[in-house]
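This report concerns only the one structure given below.
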There are 2 protein chains.
Amino acid sequence: MTIPNVLRISEAPRTLREIALDKVRSAILDQHFPPGTRLTERDLGEQLGVSRTVVREVIRHLESEGLVQSIPNQGPIVARLDPETAAEIYELRGLLESSAAGAAAKAADRAAIMTMREALSNIRKAYTDRNFRSVVAETTRFYEAMFLSGNKRVAWDMVQRLNGRISILRSMTIASPGREQQGPEQLQKILDAIEAGQADAAINASKLHVLAASAIAIRLLDLKAQK
Amino acid sequence: MTIPNVLRISEAPRTLREIALDKVRSAILDQHFPPGTRLTERDLGEQLGVSRTVVREVIRHLESEGLVQSIPNQGPIVARLDPETAAEIYELRGLLESSAAGAAAKAADRAAIMTMREALSNIRKAYTDRNFRSVVAETTRFYEAMFLSGNKRVAWDMVQRLNGRISILRSMTIASPGREQQGPEQLQKILDAIEAGQADAAINASKLHVLAASAIAIRLLDLKAQK
DNA sequence: AATCGTATTATGGTATACCATCATACGTCA
DNA sequence: TGACGTATGATGGTATACCATAATACGATT
């Protein structure tokens, strides 16, 4: 029996905590709170219109995501991302994504491949519209389908967590000249290899993709460091 | 100037939260709270002698470590570990540890190598004493030195988090017959390769080590599933 | 003028009270 | 007897009040 999806209750009632978490996370990712900004519990609570209890839990959560770091006797600040850490995060992504790409090629899940096709096509469109936010969202969809079809739930969690920490770099990388061509091409190669069931090719293609992104990101970081 | 380490203040004052976190984590890892146990905030707080505020933060933290999962409208329970997830975690460890082993071989940090030697010797001793808790602790020291000498701080964090989730399996694996021989041998090979600066050999040796552990763990899980 | 000590304040740590909601148990009515 | 509705209780969500402490600022003393 097919359940009419009009009836399906899609989302649990969101708690204040979840809303606040999203808001603060977005604020950090959108650089409204630049790295080093102190996140004072009372101030944040006032700005958000919630109590300190909620704010505390949000801050702790973001800490576990690596977006916030707590300095003893000084409180939490928005995490700074040093170039070494950024490089390591990209390296880890390469490791995890290529492993997942290989697994996805072996799994050859039709539904997942359809999702990835769709996502890739949306990515191309988003690039021509210069809608970078949508590029990020659809890229996430692409990879989510890839990881889950390869049964890499834990790895996917880790990648998402890592991506949070480098999200600023990701946006900058996506917006960098030439990436609108190179990015989709590389994703296409990953997808082709997965569709063909060629694990090794998928692994290599995804390694190349991360490597290219990493190179751009590190160049950007160096530029900033020089200033 | 060398600062006399008598003066060094080694630890910041521990908050109730940190103490409670350790206690609850240990209780889970030592299986005093078997998987599926409900962690009611009030009850836990009463048992620990702390307020719900503290307990809540502890539970959230453990959730981010994967040791606790929250069921909607039912509250948090001690996470269950299904065989697929366990297998994936071991696979990820293989990926991360081999990468770190390669980096450590290239770095060839003398201090780190000394630490690893010491840790390995302690592991051997702990095995003959059948002090499995110490085996775990010294193995952690071994790997910590390896990861950090390879400048893999982020990866090390991830491995520690993963290890938390499989810690029960780890203890069982360590205590399984034959492991007291095989385990230290494999670590020795990793260490030898690192000392010799042979990255590829180090990578292979550490892959083998995780693979062996994984095989034992999965066998144990299957045995339990049959019962 | 410099340094030391003290007062003030900002801030995180903790406890607690209240509220909303979901699950369960019990009773009533057909 | 079964099903439905209502009451009750357990539990998580949230706000708030109070406390301890560390950073800061200011003043006194040499």
Side-chain angles (χ1 to χ4, degrees), chain A residues 7-28 33-80, chain B residues 7-28 33-80:
Chain A
L7 293 182
R8 169 120 265 149
I9 292 170
S10 53
E11 44 189 305
R14 303 188 79 208
T15 60
L16 272 186
R17 208 186 103 248
E18 290 173 297
I19 298 169
L21 177 62
D22 284 351
K23 293 231 182 217
V24 178
R25 192 194 282 114
S26 302
I28 293 175
F33 295 153
T37 307
R38 292 187 59 180
L39 297 174
T40 324
E41 294 178 1
R42 278 168 239 265
D43 289 356
L44 249 187
E46 209 166 329
Q47 284 187 263
L48 291 163
V50 298
S51 75
R52 276 183 61 210
T53 315
V54 171
V55 174
R56 279 179 67 82
E57 296 192 355
V58 166
I59 288 176
R60 296 252 177 273
H61 192 118
L62 293 172
E63 210 178 329
S64 81
E65 288 184 10
L67 248 54
V68 164
Q69 50 191 171
S70 276
I71 314 284
N73 301 328
Q74 186 179 347
I77 62 169
V78 176
R80 300 172 197 279
Chain B
L7 293 183
R8 169 122 264 147
I9 293 169
S10 52
E11 45 191 304
R14 303 187 80 210
T15 60
L16 273 185
R17 207 186 104 247
E18 289 173 298
I19 298 169
L21 178 62
D22 284 351
K23 293 231 181 216
V24 178
R25 192 196 281 116
S26 302
I28 294 175
F33 295 153
T37 307
R38 291 188 58 179
L39 298 174
T40 322
E41 294 178 1
R42 279 170 239 266
D43 288 358
L44 249 188
E46 209 165 330
Q47 284 187 262
L48 290 163
V50 298
S51 75
R52 275 183 63 209
T53 315
V54 172
V55 174
R56 279 179 67 81
E57 297 192 355
V58 166
I59 289 177
R60 288 269 134 67
H61 191 118
L62 293 172
E63 210 178 328
S64 81
E65 287 184 12
L67 249 54
V68 165
Q69 49 191 172
S70 276
I71 313 284
N73 300 329
Q74 186 179 349
I77 62 169
V78 177
R80 301 172 196 278

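Note that this is a predicted model, so its numbers are computed, not measured. Below, chain A is the first sequence line, B the second, and so on; all start at residue 1. Only this structure's heavy atoms are used, side chains among them; waters, hydrogens and symmetry mates stay out.
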Set of residues satisfying salt bridge (charged side-chain N to carboxylate O under 4.0 Å, His left out) with respect to R17(A), sequence neighbours excluded: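 Expected list: E57(A).
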Stretch residues 56-71 of chain B: residues that reach within less than 4.0 Å of DNA chain D through a heavy atom: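 Contacts with DNA chain D under 4.0 Å: R56(B), R60(B).
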Contact list for DNA chain D against residues 42-53 of chain A - heavy-atom distance below 4.0 Å: V50(A), S51(A), R52(A), T53(A)
Value in whole Å for how far the [atom2] atom of [N] lies from [atom1] of [X]:
X: E18(B); N: dG13(C); atom1: CD; atom2: P; value: 9 Å
X: E41(A); N: dA22(D); atom1: CD; atom2: P; value: 16 Å
X: R17(A); N: dG12(D); atom1: CZ; atom2: P; value: 13 Å
X: L21(B); N: dG13(C); atom1: CG; atom2: P; value: 14 Å
X: Q74(B); N: dG13(D); atom1: CD; atom2: P; value: 13 Å

Student check: side-chain heavy atoms of P76(A) and E63(A) closer than 4.5 Å: no
Which residues share a side-chain contact (heavy atoms from CB on, under 4.5 Å) with A27(A), sequence neighbours left out: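 For A27(A), the residues satisfying side-chain contact (heavy atoms from CB on, under 4.5 Å) (neighbours in sequence not counted) are H32(A), F33(A).
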Residues in side-chain contact (heavy atoms from CB on, under 4.5 Å) contact with S26(B), at least two apart in sequence or another chain: D30(B)
Name the atoms and distances for all side-chain donor-acceptor pairs under 3.5 Å in residues 41-50 of chain B, with sequence neighbours left out.
residue, atom, partner, partner atom, Å
E41(B), OE1, R52(B), NE, 3.0
E41(B), OE1, R52(B), NH2, 2.7
E41(B), OE2, R56(B), NH1, 3.0

Check: L67(A) main-chain N/O paired with R25(A) side-chain donor or acceptor under 3.5 Å: no
Nearest atoms (heavy-atom pairs only) where P35(B) meets A79(B): CB-O, 3.5 Å
Nearest non-hydrogen partners of P34(B) and V78(B), listed with the distance: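 In terms of heavy atoms, the two residues are closest at O-CB, 3.6 Å.
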Closest to the T40(A) side chain, choosing from dG12(D), dA15(D), dT11(C):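 Nucleotide nearest to T40(A)'s side chain: dT11(C).
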